[in-house]
Amino acid sequence: MPELPEVETIARALRQGGRNGPAILGQVLDSADVLWERSIAQPDVAQFRQRLAGQAVDQVTRRGKFICLALSRDNLFIHLRMSGDLRVESSRDERGETRPLEKHDRVVFNFAGGLRMAFNDARKFGRVWLAADASQVTGSLGPEPLSPAFTAADLYQRLQKTHRQLKPLLLDQSFLAGLGNIYTDESLHAARLNPSLPANRVSPDQADRLWTAIRQALEEGIQRNGASIDWVYRGGNFQNHFRVYQRTGKPCPVCGTLIQRRLIGQRSTHFCPVCQPEG
DNA sequence: CCTGAAACCTGTCTGC
DNA sequence: TGCAGACAGGTTTCAG
């Protein structure tokens, strides 16, 4: 589900509190309950539970679409994939009774102070890693799009190296970390680039536009606390500001032409045939 | 190197 | 009402 802005919103809430519960920064892990074993990518479940116990949450950050918890001795990575979410709450209700879990809770992290963090994931695609060496998990990710180190010239150079179509390329996390289906379509529309255009045919000027569009789309998404669609992620309102995503048959906000949808790289792709012409 | 298809899953919605 | 099929914010793996 979530892309960079949604993951960023969740990471901030874990750091400062808000959205789905109190902050977990500084909390000490007591135990973990694994309700769906395949949610644990690494190491095996027994080792995962054993190593976790007693470690404090020293830092909460984000890298691409990964939530990264720096623990006392390890790093805990959470990837929400299509339907994952995190919920922080007290383990007991007002009467002191153990609070029941929710449908689709897959892993529950219990903290020493009485809080718990539930990883809820209807579709079971999400994964959790525990690794001493962070590069083992996030090592192959491309640049962080909002980092000052990522420049328009940088993007242009990377685009020149391949003839892959822009849409699947931007979704490739080793090319750029954090874009998903929503923000890719929104960025390409703002940059006036056709999603099927081969990357090495993008001019320096167009690369500049794409760089600006990507960063603006992501920043607006973060500012609106992400996009909430259907039953999955809740909290943000960026969905009310989509220009093309899920707006098939509705007018382009720039020229009024009806937005088209078609499959590119097996993902549904929304674009304006006039603002984003072929070739 | 690149593309497309399939797999991993559950839930919702549409149309017959 | 029931049921089949399409579709959903992601990633990996495999065949060609």
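To find a chain, count down the sequence lines: A is the first, B the second, and so on, and within it residues start at 1.
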Trainee: Taking CZ from A:F77 and C1' from C:dG10, how many angstroms apart are they, rounded to a whole number?
Mentor: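 That distance rounds to 18 Å.
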
Trainee: Can you check whether A:S83 has a side-chain N or O nearer than 4.0 Å to OP1 or OP2 of B:dC9?
Mentor: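 Answer is no, no contact under 4.0 Å.
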
Trainee: Out of B:dG11, B:dA6, B:dC9, which has the shortest distance to the side chain of A:H104?
Mentor: B:dG11

Trainee: Please report, rounded to the nearest Å, how far the C1' atom of B:dT3 is from the CG atom of A:L263.
Mentor: 14 Å

Trainee: Let me know the distance between CD1 of A:I264 and C1' of B:dA5, rounded to the nearest Å.
Mentor: 17 Å

Trainee: Are the charged groups of A:K65 and A:E3 less than 4.0 angstrom apart, N to O?
Mentor: no

Trainee: If you look at every strand shown and take non-hydrogen atoms under 4.0 Å, does A:Y183 touch a base, only sugar-phosphate, or nothing?
Mentor: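 Counting heavy atoms under 4.0 Å across all strands, no contact is made by A:Y183.
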
Trainee: B:dA5 and C:dA6: how far apart are their P atoms, nearest whole angstrom?
Mentor: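 Those two atoms are separated by 14 Å.
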
Trainee: Take A:L171 and A:R123, find for each the nucleotide of DNA chain C with the closest heavy atom, and name the residue whose nucleotide sits nearer the 5' end.
Mentor: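 Between the two, 5'-proximity favours A:R123.
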
Trainee: Is there a ring pair (Phe, Tyr, Trp, His ring centres under 6.0 Å) between A:Y245 and A:F238 once you walk through the steps?
Mentor: CA-CA 11 Å; A:Y245 185 76; A:F238 186 57; 9.8 Å; no

Trainee: Side-chain N or O of A:Q173 versus OP1/OP2 of C:dT11: is the shortest distance under 4.0 Å?
Mentor: yes

Trainee: From CG of A:L179 over to P of C:dT11, roughly how many Å is that when rounded to an integer?
Mentor: 10 Å

Trainee: Going by distance alone, is a donor N or O of one side chain under 3.5 Å from an acceptor N or O of the other, for A:R267 and A:T184?
Mentor: no

Trainee: Side-chain atoms of residues 26-33 of chain A: list all donor-acceptor pairs with protein atoms under 3.5 Å, sequence neighbours left out, distances to 0.1 Å.
Mentor:
unit_1: A:S31; atom_1: OG; unit_2: A:N110; atom_2: ND2; d: 3.1
unit_1: A:D33; atom_1: OD2; unit_2: A:N110; atom_2: ND2; d: 3.1

Trainee: Once you apply a heavy-atom cut-off of 4.0 Å, does A:K103 come out as touching a base, just sugar-phosphate, or nothing?
Mentor: sugar-phosphate

Trainee: Separation of A:L176 atom CG from C:dT11 atom P, in whole Å?
Mentor: 12 Å

Trainee: Quote, to the nearest angstrom, the P distance that separates C:dG5 from B:dA6.
Mentor: 15 Å

Trainee: Check residues 149-159 of chain A and write down every donor-acceptor pair under 3.5 Å in which the side-chain atom is one partner and the other belongs to a residue at least two apart or another chain.
Mentor:
unit_1: A:T151; atom_1: OG1; unit_2: A:D154; atom_2: N; d: 3.0
unit_1: A:R158; atom_1: NE; unit_2: A:F175; atom_2: O; d: 3.2
unit_1: A:R158; atom_1: NH2; unit_2: A:S174; atom_2: O; d: 3.2
unit_1: A:R158; atom_1: NH2; unit_2: A:F175; atom_2: O; d: 3.0

Trainee: Taking for each residue the nucleotide of DNA chain C with the nearest heavy atom, is it A:H79 or A:R261 whose nucleotide lies nearer the 5' end?
Mentor: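 Result: A:R261.
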
Trainee: Quickly work out the A:D121 CG to C:dA8 C1' distance and round it to whole Å.
Mentor: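 The distance from CG of A:D121 to C1' of C:dA8 comes to 13 Å, rounded to the nearest Å.
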
Trainee: Looking at A:H163, I'd like to know whether one of its side-chain N or O atoms comes within less than 4.0 Å of OP1 or OP2 on B:dT3.
Mentor: no

Trainee: May I ask whether A:F125 stacks on the base of C:dT11, given the cut-offs of 5.5 Å between ring centres and 30° between planes?
Mentor: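 According to the criterion (under 5.5 Å, under 30°), no, A:F125 does not stack.
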
Trainee: On the nucleotide B:dC1, are OP1 or OP2 found under 4.0 Å from the side-chain N or O atoms that A:K161 carries?
Mentor: no

Trainee: For the residue pair A:N194 and A:K167, confirm or rule out a side-chain donor-acceptor distance under 3.5 Å.
Mentor: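 Their side chains do not contain a donor-acceptor pair, so the 3.5 Å distance test is not met.
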
Trainee: C:dT11 C1' sits how many Å from A:N181 CG, rounded?
Mentor: 13 Å

Trainee: Strictly by Watson-Crick or wobble contacts shorter than 3.5 Å, is anything paired with B:dA7, and which nucleotide is it?
Mentor: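 Its partner is C:dT11 (Watson-Crick or G-U wobble, both distances under 3.5 Å).
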
Trainee: Would one find a side-chain N or O of A:S268 under 4.0 angstrom from OP1 or OP2 of C:dA8?
Mentor: yes

Trainee: Think A:R38 has a side-chain N or O under 4.0 angstrom from the OP1 or OP2 of B:dC9?
Mentor: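 Result: yes.
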
Trainee: Using purine N1 to pyrimidine N3 plus N6-O4 or O6-N4 for Watson-Crick, or N1-O2 and O6-N3 for G-U wobble, each under 3.5 Å, what pairs with B:dC1?
Mentor: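 Answer to the pairing question: none, since B:dC1 forms no Watson-Crick or G-U pair.
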
Trainee: For a quick test of reading the model: is some side-chain N or O of A:R267 closer than 4.0 Å to OP1 or OP2 of C:dG10?
Mentor: yes

Trainee: How many Å lie between CZ on A:R106 and C1' on B:dG11, as a whole number?
Mentor: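 Atom CZ in A:R106 sits about 12 Å away from atom C1' in B:dG11.
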
Trainee: Considering only side-chain heavy atoms of A:K124, which listed nucleotide, C:dA8, C:dG10, B:dT10, is closest?
Mentor: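 Selected nucleotide (nearest to the side chain): B:dT10.
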
